[in-house]
Amino acid sequence: MAYIVSPNPHIHAKVSTRSLMLDVIIALCPAAVVSFLFYGLSEIAIMAFSVASCVFLEWVVNRYMLHRASSTGDLSAVVTGILLAMNLPPSTPLWVVFIGAVVAIGVAKMTFGGIGQNIWNPAITGRVFLLVSFPAIMTDWTIPAGGLIGNVDAFSGATLLQQVGLLGAKAADAMVGLETLFSNMGGSAGEISALALLAGWVYLLVRKVIKPWITLSIFATVALVAGIFHAIDPAQFTGALFNLLTGGVILGACFMATDYVTSPMSAWGGVIFGVGIGILVMMIRYFGSYPEGMSFAILIMNTAVPLIDRAFHQKKFGRA
Amino acid sequence: MAKTTFAIGGVHPDDSKLARACAIEVLPLPSVVYVSMAQHLGAPAKPVVSVGDKVLTGQVIAEPGGFISAFVHSPASGTVKAIAPFKDLAGREVPHIIIDVEGDEWVEGVDLSDTLITELPDREVILDRVKACGVVGLGGATFPTHVKLNPAPGSKADCLILNGAECEPYLTSDYRIMLERTKEILVGAALMQKALGGCRTVIGIEENKPEAIAAMRSALASLPYSGIEILPLKKKYPQGGEKQIIQAVMHREVGSGALPISVGAVVQNVGTSLAVYEAVQKNKPLITNILTVTGNCLPVEKQHNYLFRIGMPLSYIAEYAGGIPKGAAKIVSGGPMMGRAISNMEAATVKGTSSILYLSEESTRRKLESNCIRCGRCAEACPMGLEPFLLRRLWKAGDMEALEANAVQDCIECGCCLYSCPACIPLLDHIRQAKGAVLGAIRARAAAAKAAAEANQKNS
Amino acid sequence: MNPIIIWTVVILAGLGLVLALVLFLVARRFRVEEDPRIDLVEKTLPGANCGGCGYAGCHAFADSAVKASDLSAHYCPVGGNDVMQKVSDILGFKMEAKAPQVAVVRCNGSCTARPVINEYDGAASCRVKAALYAGDTACPFGCLGCGDCVAACEFGALSMDPATGLPVVDEAKCVACGKCVAACPKSLIELRNKGPRGIRVFVACRNTDKGPVARKACSNACIGCGLCVKACAHDAITLENNLAYVDFTKCKLCRKCVAACPTGAVHGVNFPKEVNNG
């Protein structure tokens, strides 16, 4: 019998790209279930279609364009599909979802060489493309009928962040209360329940899939920047709690900014990355033309990751 | 006392000490032994016998081939059949002395009794006997022990660390001797302590071996030595790495490229301590050691801890233990993290052999390599604080300067990076190459600088 | 017209003008004076930057050639005699023609001739494999089959033959840069004179074990029997360490050695078909 010969080590930890992605999928489940409960069948359809499109597109690109073995088994396309669906309004038509998937997988991920090679987070790139291309659809927060719980009438129309423009900062701040933790008003499908998202994040921490530094530094920076501006002029600038709980900050900080591929590898690099996102998102919200800035903030900081990685190295043994 | 461990990195593989309950058995001699001349780090030994000579067990058959080298003794009595190249476990030819075994008649002056001798001879006697008996480090590197026990003038040992961590999964040979030869190990520790000028001595044992810790503690109480302590360590691989155990015990970091003695540490394995005891107190040369026959495809009743003689073919031991099990896909000599895969079972045991490990296909075959997902697990696992993903990239790009700047030469080849990589990228395979190239460049630079300095001196 | 458009155009044009001026001044200020012949020589070279000449690239070669007192240390294997003639003309040196060479793989231990005795499962790199152990066949001298030479070739002239597990040189593409020679940890690749119409004879084996050992490991191995040495009338074959070697400067391509070899280790390639049959 021909025995195997290889250099050491001869055993391997029970971890694979697939197992890590599976953990992320599990962590996204609570938020996904909440969105199904609120928006009903149409949201289930959007998510299923988004996941199917992403997986299909990755398979097509591998098979017919790159002529190499399929990489869909690592489940990363499934994660992208779920995140893309969570970043879209619940009334998005399926053809728009498909375009988003084409941009996310085809452009943002596979053109760079597939998993691990992309510069920008695929799901966010897809979302931003749609936001810029179809602004009307992407800001139509009409709630489709069929939600299982919640007062549907109260939700239609603008999101909380848009209401800042309509009602003013003070009124908007007043609308954020404890109930926002459980069910935010309209917005992207995945943002409804802060608690469900945080539960998934804690799961990822417990499973040691991610480190908390990026997420915590985003939260801290958003709170700090918002707190300072709010203290200066409460009439113009919304407060810390409002900004933390709205507009995908939690979804972005827990699941998008922590994407391995597009975030720095060192702990301190992660902190810088998080602070950068926090500052950018607040600047876009306060002074930019988009009410929500998380996607842009993450994409901009994604671009800076190679530089951050260059600057921060971990401490080496026996060296100053 | 709180359990300690090293600070950076490390992994926690399942310890799989399947043969921990198996008492040490003595292997009978085979009909032929193949004694390697390269059983230690450094220059190969030079044979001092010729073909046709009659040799006795324990007789010197080869002498050191350089300053860092060691004596080799005959593991059996018989006739020298040949002095010829013989393939080692990697299939490479190494000079061997091949002896037809006729019996087990020992040379004179060796005490073969079990009596424990606790009186310590003079320092010079200790060092002489350790050298004459060919004792080398049995923790893996097989560095000649007498060199380590005799630090260069100007450096002084503050602490002798006895490494009983046995952090590699599966291996139980150190564990068994700590249970069965407890007092001998402690006397050996006292001998080395004396050789080093009476420094503090710490025996570090990982917490997954509570019986060994207890046995050591009670034996220590019954012996008249001072300055020796038993220190339980947290279970973490690679605790047994020299720099790692020094940090765990002394909280000092050995600098890059520096020797342990630079922070006042000398590290010896517990197996070495036993060999030192036998060499000094019994005048018994190092021709035996303990190996574990184990693996995840071997039933527990077929697992063994054997006292073997050097020069026994691995195939002979495997056969004696009941043959190679059916499910074995890879046979490893040493632990699963740092051991070497055996491609030639006809190769013979050497002083440092510690196991024959049978691993199943499922546990050992490498999974298909995929793209790096930048998870950073390799950097987190590296006990030297290196960034394996970066080193591999730099090696592929051929950037030797950046490799050196990123300390590839500090790699201890423990395997933590590849072990923990979810994409199964052969990080260590490439980093080892890069390390070799960078170390070569550093050595060439040093040699050039030395030559230039000498030339300068001549001119002036 | 809309004043915004006018202002935009004016500002952008002004910005462009200022930046162009800065660029011009910087280029002026930091200009490096260089022997113009370096540029000329570099333009003559193939521009592959392969390093086959022993210099870091075509520019380094040109730079060094211009400073040299003759061209004995400079030869571009990619460009060959034509390019070197041009370089010599530019620099006013006498050109020394060299016989064109080609990479030759000196192992013919195909999968069938050299059975696998264990399964290598490490990184797909000959260097890693060679550092680890003697190899996955009984011949410790033979090709490891991981394709380091293929990866090293920048001209696409090497490929692994899946049928034999050995690398194959595409003679039309090979420029004899020597990258593969350096890449092979078993030193199996040699640069040999291409020969007239590519006809050449060589021993495709590096095994220095004694005959029976070599034969047991690989049925195509050179067993050091010396029959080829006896067959050669031109003193071109030497036998050292149980291994024959054909000196291509002496070989007259008579192919008596090819016929004499009992294991087929001596190869004659590119001989016309009809001669082969006869």
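From a predicted model like this one, the values you see are computed outputs, not experimental measurements. Chain letters run A, B, ... following the sequence lines, proteins first, then strands; residues in each count from 1.
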Which atoms form the tightest heavy-atom contact between Pro7(A) and Leu132(C), and what is the distance?
-> N-CD2, 3.6 Å
Heavy-atom neighbours of Phe312(A) CZ exceed 12 at 6.0 Å | yes
Go through the atoms of Tyr133(C) and report whether side chain, backbone, both or neither lie under 4.5 Å from a heavy atom of chain A.
-> side chain
Here the pair of heavy atoms bringing Gly122(C) nearest to Ser6(A) is N-CB, 3.8 Å
Phe134(A) atom CZ, neighbour heavy-atom count above 12 within 6.0 Å = yes
Please say whether more than 12 non-hydrogen atoms of neighbouring residues, nucleotides or ligands are located less than 6.0 Å from CZ in Arg207(A).
-> no
Is it the case that more than 12 heavy atoms not belonging to Lys14(A) sit under 6.0 Å from its NZ atom?
-> no
